[in-house]
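Residue numbering restarts at 1 for every chain, and letters A, B, ... go by the order of the sequence lines.
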Amino acid sequence: MIPLAHFLIISAILFCIGLYAVLSKKNAIQVLIGIEFMLNAGILNFVAFSKYDRINSGGQVFALFAIVLAAASVAVALAIILNVYKKYNTIDPSKINELRD
Amino acid sequence: MSLLSILIFMPLIAGLIILILPSSFQQKFKYVTLLITILQLLISGFIYFQFDPSVAGVHLESQFQLVEKLAWIRLDLGSGGKLEIDYFLGIDGLSMPFLFLTSLVMAVAVLASWEIKTNLKAFFALFLLLDAAIMGVFCALDFFLFYIFYELMLLPLYFLIGMWGGVRREYAAIKFFLYTLFGSVFMLLVIIGLYFSVINPATGNHTFNMITMMDPANFVQGSIFSIAANQELFGVPARLLAFIVLFIAFAIKVPIVPLHTWLPDAHVEAPTPVSIILAGILLKIGGYGILRICFSMFPDAASQSSWWLGLIGVISIIYGALNALAQTDLKRLIAYSSVSHMGFVLLGIASGTVEGTSGAMLQMISHGILSAMLFYLVGMLYERVHDRDIYSFRGLATLMPAFTVFIMIAFFASLGLPGFSAFIAEAFTLIGAFSSESVNGWLPRWMAIGGSIGILLSAAYFLWTLQRMFFGQTRLKGGTDWALQLSDVNLREKFALVPLAIMALILGILPSIAFDKMNTSVIEFVRFITLKQ
Amino acid sequence: MNMEQVVFYFFAAMVLVSAFLVVTMNNLVRSIFLFFVTLFSIAGLYIFALADFVALAQVVIYVGGVLVLMLFAFMLSNKELLNDLKLTKRTALYNFPAILVSVIFLFILINVIVISKPENLNWLQNRINWLQPSDNSVHQIGIQVMTRYLLPFEVVSILLLMALIGAAHIARKDKI
Amino acid sequence: MEAVEPQKYVLLALVAVLLPFCAFIRLLLAKNTSGSAFYAITGISLSFIISIFIFSNTWNEQFIHQQVDWFTIGGTTFRVGILINNLSVLMMVLVTGISLLVHVYSIAYMKKDPLIHRYWGYLGLFCAAMLLLVMADNLLVLYMAWELVGFSSYLLIGFWFTKDAASQAARKAFIMNRIGDIGFLIGLFILYTQFGTLDIQKLFGQDGLVLSATVHSDLWISSINQMPATWLTIAGIAFFMGAVAKSAQFPLHTWLPDAMEGPTSVSSLIHAATMVAAGVFLVARIFPLFNDTVLLVITITGLFTALMAATIALTQNDIKRILAFSTISQLGFMMLAMGIGAVDGGIFHLATHAFFKCLLFLAAGALIHALAHLKEKDDLDFDIQDIRNMGGLRTLMPVTFYTMLVASIALIGLPLTSGYLSKDAILIRAFEWAESKALIFTIVPYTALLVSWLTAFYISRLIFKVFFGKWRLQKGFKNIFTLHDSPAEMKYPMIILAVCCLFPLFSSNPLLFETSWILNGFHGTNSLQRVNAYHTIIPAAVNTISIMVMYICYRWYVKPGYSIANNNLLYRFSENQWYFNCIYDVLVVKPVNTFAKAIFWFERKVVDGLVNLTGRAGLLFSAISAWVDEYIIDAAVNNLALLAKKIGDFTRHFQTGRVQHYLVTMLLFVLTVFVLKYFSQLL
Amino acid sequence: MKDYLPHIPGFINDTINSLHYFRPELALTCGFLLVIIADLFFKKIYSLPFYITLLCFFAVGFYTIQQLHTAPANLFSGMIIIDHLGALFKLIFLLAGLLFIFFLKNNRQFIAHNKGTGDIFSILLAVILGMNLMAMTSNLLMLYISIEMVSIGSYLMVGYISKDTRQTEGAMKYIIFGSVCSAIMLYGLSLMYGFTGTLDLNNPQFIQELSRIPSLASGTVIIMVLTGIGFKLSVVPFHFWSPDVYEGAPTPVSAFLSTGPKAAGFAILVKFISAFQLNTDPEIKDMLSILNHVLIIAAIASMIAGNFGAIRQNNAKRMLAYSSIGHTGFLLMAVIAFSETGFKALIFYLFIYVIMNMAAFMLINEAEEITGSESVEDYKGLGKHYPVLMICFVVVLVSLTGLPPTAGFTAKFLVFSSAVEIYQSSGSFWILLLMITGAITTLVSLFYYFKIPLNAFIRSSNKLIQVKKYSQLMPICIVLSVALLLLLLLPQIITSFI
């Protein structure tokens, strides 16, 4: 048996790697990848916990829905990023700062 | 629909009609407004004569007159009980005089509005809205309703100052607005606190009825403002804090030093009719609020803090007068003189004596009349040559004899010349303040003496101005051009000024016409606030 | 350490290393491909949690859907991007806030995991409720989705339709 | 019949008050001068007739007091009414009589003024206010009238408002009077608080509240209230302060000389005969209130004022100023009388003084009027009020000369005149008073004696300089011999007054003041009996020395050869009016000098005299308070606004436009919560 | 498989029974599909989607009002709960949606948008469906899905036109920020699920288990979940996106985002907090106080950041974005009070808030049509030439400030009432601080709101203002302004529902 905590720690590390990518990458697609990592970290947790929830299978179902939603939002995000690229010719989030105080 | 509702809603409806009427009628608007104000004057005159001076009111709901009470908002708040907000109007001796004052000053302000040349539609619509709001404030007996009218005054005033004002009108308008709002926002919190502390014994609901709030028996056991509970906020007794908050809210309107700095700016920048209304009525709302709300609802806190209120009053008297002495702008001078004169009101109220309170009431009425007159006169001068600097004029008496007569009447009446209303008012506020130590020990005697120095100082600045501007050989900054423009008082202006002068005189010689109507209420008020809880 | 554990930690290492590389790499193409590896490895971890269906969905949706989408996007936005990316390299200092935040976050999360002692959680002690390797998870999930989770299932369909329409609208060429 | 009688007199008295007031109202509304004199004179003559009627019927009768409700405040009803007793009827007659004469005099004197209807109106207001003042039965009404006479005085002093000096003098007079009024007002507060009424009869009557109040172990106890005994003294001083200002006593005397800027007729009526005497009248009215301390203060103030003003009058050259200081001095005399308890003597002197001082002014007016004509005719430039410019007018203006001579003799107090009677009354009473006191108090009567000799000197100087010798300004006066007496309207009032300055009006015996009916009208004390030597010695001594003084004066000013050095210290001290105006200046200027640069622009507003003291200090305060207002209170508010903007900027600072910054900031905020929680857990 | 068989009929029954209560949502779904079909097959009829939506809204409204007085019921095996409060929220969303479609129809950008406007109606309907679910959810899974649904729909709306740089930029920032927040929330949800073993918020197990773990852990988890909710509310510190997005997005979308989803955020926050508040277990006290303190601090910070941040803004939309942050903070007061009064105040405030904020954005839109600018500075002199517009604007701004004579005052008043009430019973210093901040920031808000009338009426422009006709939006603005005035006099119109 793999201890539950190990799953959780892996997911925590993954989450933080994703977070780092989101915060530091200067390419919107990489930022998206970071977000996916964070989502995956969450999904991993769900799945890991779901092992102990046989009757409701809440975790697994949640994981499934989360994957689907992630895919949907990635599709939307990519569509938007493409548009941004058309207007700005860059997808560096730090350069897209026309809207500011 | 009682007379009070008519007083409130007549201008409101007229304002709406003006808004709807096409702008091609705009020369007629002033006549419409004048008609409305004169009707108001007649109605309030009628109310004055109908008023029964033998019943007190103050904290006895059954003794109010022309009462109108309709259920307005009944919202079941669940845990907060049922929201009980009434459309509750009524007058007693403390509010009735102000209805008449408002009508009179409003009518004069309309006459002063002849000089307004731009955007007449908006001006008169706002003017009438303001009129309605002010009437509402003096009639409302439901705190919620009162607050709505109280705040409703701000908007028209903001625009009236901002749109038709002088050079620094933006600053003055927003400053005025912010100051007043500062007070009233916190007042709102206290109102809500009171609401949750008070129960209407008849229905068992929380209520906004001001009169219910005055009776300590109606406070819920253990609520914030219950006397018995004696709760503390920030280490200050809650009732005292509430009193201070309410006091500050109204004191800003009065205004007191050091919350007065909006006043010179607002008065100076406002167009003449608005200055008239500001000085003539708006400041009185502060005094009225202190009487009707601060003192009546928190008599215990009032007696604790009366020493400070008296001190503030004395400081306002002297500080305002000294400031007036230093001004070179005539309108500013008068604005500061208002600060000084309204200091008497506070001193009188703080004395907790019948003489002081009656004096303060009369002082408010008297100042309403006189400051309206003064601001009108300054406005006339400004309208003619667009200058108000005292040093720009010399020897106006030769050029404008009738004007000089009016300004002398106004000046001397303001500086407390016997025979005019201000004298009786100031004398009795001071007598009240002086006797306070013997009667209830609220104010030390020296305060009355300190206050009387204000009388001396007011003579100094008014006479200095009179001598500097009106006497001597005619010499004007604008030379002969000005001499041509400085025409004497015309018929319309006389029409506005003469009633004011006569009112000031009548009140000075026969103060009984005011005192008789409010005496019972004042006695009851003083008895109520000095009652040992 | 049995075989199961070896494979698990192998996958775990794969996940973390590849994720780390994805994040640190500046070359977008490479990082997208490494991302593929990460996702695969995560799917592997799911199996260890006895969630084979989820693992499958992960591979199908993520690898087959998301990744391809990203590649498309990358290709649509042509190669200039690559040049663009190479030009500006960022120093570690510049990324300091990001590193700081991530590290603190990691610290906190691990702390949370440790102090909450997941193995000792109350509800985990109910052994009947434990999933057995022998259980047919696809079956289970199928029934659950059609019964208990019917509403989310239907709602997600609408969501997907909306996302589809919306994304298509946004990505559509502006010509009619 | 008996019941109706009093009411009749009260109504008549009311009519007497209202007649001049109606004239005032009528003339205020008048567009031009036509017929203005008619209204005024009709009003005042009717008043006079009524006054005489009332006087003749009520003198030495039971006082008459009628009241109506005025207004009610709280439980107290203010009743207002008319109190007719010896004091008020005497004053009524005095006021209306002298007013009538001055009115008549003014017809000619003010003839050419374009705003003469205003002048008549103001006079009407003054008469009404003055009559109200003397008849008021309520201190509040008295105060109102008190201020109104001040107000009409303001109007009349500043009648020639285009003259800066006149309007300044008017303002100074009003403000200085205001200082006194504040005292009066404070007195009112104290009485009202202590007794709950301001009714004169109730307070000061035979068994009035004031007398029935007791001072007991530092507490002043009345039937309804009690307060520390100091308040009794303060009340006295406060009322006296009102009297000081109105009667131009030291230290509030400086307004009176300046008030001479007004028309001379006004000076004679208001600033010599009637209004300034109101202070004395007030002291007499509320006499029971004063305790020993206050009486002593009154005595000393009166004495000092009398001495000071007399010495100043010695060297003045402006004819009206000499008379003004003389008035101050004489008023000091009356105050002195009050202080020593000789109320009757004070009032008596008030009455006699009213006539001769009014006459002196009217005569001076006649001189000025004549010289003004001359000046106008010859188109010359000289000071028509400077006695150094006159001389030898005795022959040119005989009526003026003789009337003025009579008045002067009365002022000096030589026998056969009214002044002799009243002055002796005071002097003798002063000696009697001093006798019962410590030795130091003998200063009081002796100084009073000195003052009467000084009086003899300065008035002689005036007469000799103006009427004797030769015309001093020679060049350019071609028409000097065209100078002549005034027209009839001016002449006859003067003659009438001159007659009134003689003894028969006041006493049957020219040498014995004790027989004066006025003194007897005021509950004569036994001092009216010639009980001791003073009654004989003093009149003799006074008169002998007075005549000597006059002779010296004659030698100095008329006979050539004797001249006094006019540049010694004492002379200058006197000429500069004891430097009072300067002292008031210096007292303020020195401390203010340090701030001078900061407030120099306020100098323009500065008024002189005592007003300087309050004025400059006040202006300094006002400058400071204006500064505080602008830079502290207002700035605090504005800084709050600035603070709001700064907070706004702070929040905007985060809004860099970079989404990753947003995220970092957001997470940092979240982490802060975590970290705080974490550490609070650890601790 | 066998384990489940006995339960299946139960589930099916439950589902069928639930459908009865689900009619508003079903109507929305039908509308959603119809709009898609209409857009696909009847492109010629330009306004068809609009009318379908409108019709759909009427149906939804009809059904929702029926739900106002039904007893609370668990639906779809505990996924959602239908109750009075939820129905009220649904009405608020409906109001926002209704105003939004009228706004859309008259917005120049959308009219000119040549990719067609049919899709936005379908997105809108889906978003409203999502919001309805947010208001009803009682399950973590539904919570997540509904939030995501609203979020994704919102991203799409913001990016819908993508005509210029700013619009795309707004959309990108929105989606990145939103996705990160939802990822954090997902992580939090996962841990929450892990710690409690249930997804059902109302399951007593949920709170019991959560209270058993150390408060540091449970607190962290709660805050992570609140991140996602906070993002929807745009409460400090999750507010950074809103000024940029509101400014960048097409005006109707900004208007909708600042009202509908925000109200939905409140709905879900209430749901979430209810799970804690309604539990009487003494052990959760610690957790509750953390939750309360976090909310109070967030509320205070939002009021300060929103209102002070708005002071220096010149762009009207941006200013409103900041002001809406401030309003959120203020409204949190009612949530924190967590009493019946508080909920009533919340609902009333939200109704008024939807009206006034929508009206404000519509008026900005109108002004933009006239001046071609969103800058407040360019409003100079408008008052003279467009009095009706500016008078409406003043009414709306007064209402936003919360002053009489507008319903904004009543709303503010009720919120303060709820806070005072809770203060009276708890005596907490923090609540007092909250109220004082609310009062002070009301003052501050006057500063910036009144910039608009200041420019429009008091300052005059030297530019020539050409007089154009008002668009069809103007009557709606007038109606809304009048409604704001009327609701002061007759708050019963709304309060009778509450």
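- For a residue to count as touching a neighbouring chain, one of its non-hydrogen atoms must lie under 4.5 Å from one of that chain's; by this rule C:Leu16 touches chain A with backbone and side chain alike.
- A distance-only check finds no donor-acceptor pair linking the side chain of C:Gln58 to the backbone of A:Leu64 [under 3.5 Å].
- Interface residue C:Met25: only backbone heavy atoms are found under 4.5 Å from chain A.
- In this structure, A:Ile2 CD1 and C:Leu45 CG are separated by 9.5 Å, a value rounded to the nearest 0.5 Å.
- Heavy atoms of A:Val68 lying under 4.5 Å from chain C belong to its backbone as well as its side chain.
- Neither the backbone nor the side chain of C:Leu164 comes within contact range of chain A; no heavy atoms are under 4.5 Å apart.
- Looking only at distances, no side-chain donor or acceptor of A:Lys51 sits under 3.5 Å from a matching main-chain atom of C:Leu50.
- Heavy atoms of A:Ile80 lying under 4.5 Å from chain C belong to its backbone as well as its side chain.
- Proximity to chain A is limited to the side chain of C:Thr38, based on heavy atoms less than 4.5 angstrom apart.
- A centroid separation of less than 6.0 Å is found between the aromatic rings of A:His6 and C:Tyr9.
- Only the side chain of C:Asp135 comes within less than 4.5 Å of a heavy atom of chain A; its backbone N, CA, C and O stay farther away.
- Side-chain contact check for A:Asn40 and C:Tyr46: at least one donor-acceptor pair (N or O, by modelled atom type) lies under 3.5 Å.
- In this structure, the portion of A:Phe15 lying under 4.5 Å from any heavy atom of chain C is its side chain and not its backbone.
- Nearest approach of A:Ile67 to C:Ala57, heavy atoms of both residues: CG2-O, 4.3 Å.
- Looking at A:Tyr20, its side chain never comes within 3.5 Å of a backbone N or O of C:Leu100 through a donor-acceptor pair.
- Only the side chain of C:Ile113 comes within contact range of chain A, with heavy atoms under 4.5 Å apart.
- Within the 4.5 angstrom heavy-atom criterion, only side-chain atoms of C:Leu39, from C-beta onward, approach chain A.
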For C:Phe8 and A:Ile10: C-alpha separation, side-chain torsions, deciding distance, then whether side-chain contact (heavy atoms from CB on, under 4.5 Å) applies. CA-CA 11 Å; C:Phe8 176 80; A:Ile10 291 165; 3.7 Å; yes
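- Not less than 6.0 angstrom separates the ring centroid of A:Phe7 from the ring centroid of C:Phe48.
- Contacts between C:Leu106 and chain A at a heavy-atom distance below 4.5 Å involve backbone atoms as well as side-chain atoms.
- Only the side chain of C:Val156 comes within contact range of chain A, with heavy atoms under 4.5 Å apart.
- At a 4.5 Å heavy-atom cutoff, the contact between A:Ser50 and chain C is made by backbone atoms alone.
- Contact of the A:Asp53 side chain with the C:Trp123 side chain is registered, since non-hydrogen atoms from C-beta on lie closer than 4.5 Å.
- There is a side-chain donor-acceptor pair under 3.5 Å between C:Tyr62 and A:Glu36.
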Open item on the list: Set out, in order, the CA-CA distance, both residues' side-chain angles and the distance that settles side-chain contact (heavy atoms from CB on, under 4.5 Å) for A:Ile29 and C:Phe35, then state yes or no.
Closed with: CA-CA 11 Å; A:Ile29 292 180; C:Phe35 180 46; over 6 Å; no
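- A:Gln60 contributes no side-chain N or O that, together with a main-chain N or O of C:Ser137, makes up a donor-acceptor pair within less than 3.5 Å.
- In C:Phe33, the CZ atom is not crowded: 12 or fewer heavy atoms of neighbouring residues, nucleotides or ligands sit closer than 6.0 Å.
- The environment of NZ in A:Lys86 is crowded: more than 12 heavy-atom neighbours from other residues, nucleotides or ligands sit within 6.0 Å.
- Only the side chain of A:Leu78 comes within contact range of chain C, with at least one heavy atom under 4.5 Å from a heavy atom of that chain.
- When heavy atoms are compared at a cutoff of 4.5 Å, A:Asn83 approaches chain C solely by way of its side chain, counted from C-beta outward.
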